[in-house]
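When reading the values below, keep in mind they use all heavy atoms of this one structure, side chains included, and skip hydrogens, waters and symmetry mates.
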Amino acid sequence: MKRVCVALTVMLLAACGTQSKESGMKKQNELVQAHVLVPENVELHKEQQLQIQVKSSKALSSPNVSLKIWNEQQEPMNLPVQYERDGVYSVKTMFHHKGIYYVQATVQGEDFQLMPKKRFAVGTITNQELKQLEEVPQSKKPSSQQGHHH
């Protein structure tokens, strides 16, 4: 009987610990937000600045921030980001082909990971080209695991 009581106590304590850890991660996710900012008109052969804005209701201890960019003809390419100020990270890059591109940031901290993704057009895209590009299966693109946690 004593073993049963000890086993039940251990299971209850384990369940309570798991629940508080999960709610702590959820609460952390609500405290941290990340957004990818892309210029309204992205031109060919001209340097463009892409930004990641990280907002938090509490001080963050240097989150790890990275950026991937790709289109349907390219494999995702990692670009080095630089911290600017006030939670804004940026990268400058140039586009040599018109089309639909995707940019995905990864913002990782001690107990959270955010992966906001944005789609944008480079150069002048006709409606017909846009429709053809949008028909490409989603499986070719890296997954967007927004709000994914460790």
Kindly work out whether a path of hydrophobic side-chain contacts (I/L/V/M/F/W/Y, heavy atoms less than 4.5 Å apart) joins [X] to [Y].
X	Y	result
Met77	Val38	yes
Leu44	Val91	yes
Tyr102	Met94	no
Val88	Tyr83	no

Calculate, to the nearest 0.5 Å, the distance between atoms [atom1] and [atom2] belonging to [X] and [Y] respectively.
X	Y	atom1	atom2	answer
Ile52	Leu37	CD1	CG	9.0 Å
Glu110	Ser62	CD	OG	11.5 Å
Gln108	Leu114	CD	CG	9.5 Å
Ser57	Leu31	OG	CG	3.5 Å
Gln104	Asn78	CD	CG	10.5 Å
Ile100	Gln73	CD1	CD	10.5 Å

When you look at CD of Glu47, are more than 12 heavy atoms from neighbouring residues, nucleotides or ligands closer to it than 6.0 Å?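 Buried by this count: over 12 neighbours within 6.0 Å.
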
Would you please classify the geometry between the Phe95 ring and the Tyr101 ring as parallel, tilted or perpendicular, with 30° and 60° separating the classes? perpendicular

Do [X] and [Y] have side chains that get closer than 4.5 Å, going by heavy atoms?
X	Y	answer
Pro63	Tyr89	yes
His97	Val122	no
Leu67	Val103	yes
Ile69	Phe120	yes

Gln48 side chain vs Lys46 backbone, donor-acceptor pair below 3.5 Å: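 Yes, the answer is positive, given that a donor and an acceptor are paired below the 3.5 Å cut-off.
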
Grab the two heavy atoms, one from [X] and one from [Y], that are nearest each other, plus how far apart they are.
X	Y	value
Ala121	Val42	O-CB, 3.7 Å
Val36	Ala105	CG2-CB, 3.9 Å
Ala34	Val107	CB-CG2, 3.7 Å

Lys98 vs Glu43, side chain to side chain contact (heavy atoms under 4.5 Å, CB included): CA-CA, chis, key distance, verdict: CA-CA 8 Å; Lys98 75 176 185 174; Glu43 298 177 36; over 6 Å; no

Side chain to side chain contact (heavy atoms under 4.5 Å, CB included) test vs Ser66 passes for just one of Leu79, Val81, Thr106, namely Thr106

Examine the side chains of Gln51 and Ser90 and answer whether a donor and an acceptor come within less than 3.5 Å of each other.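 Short answer, no.
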
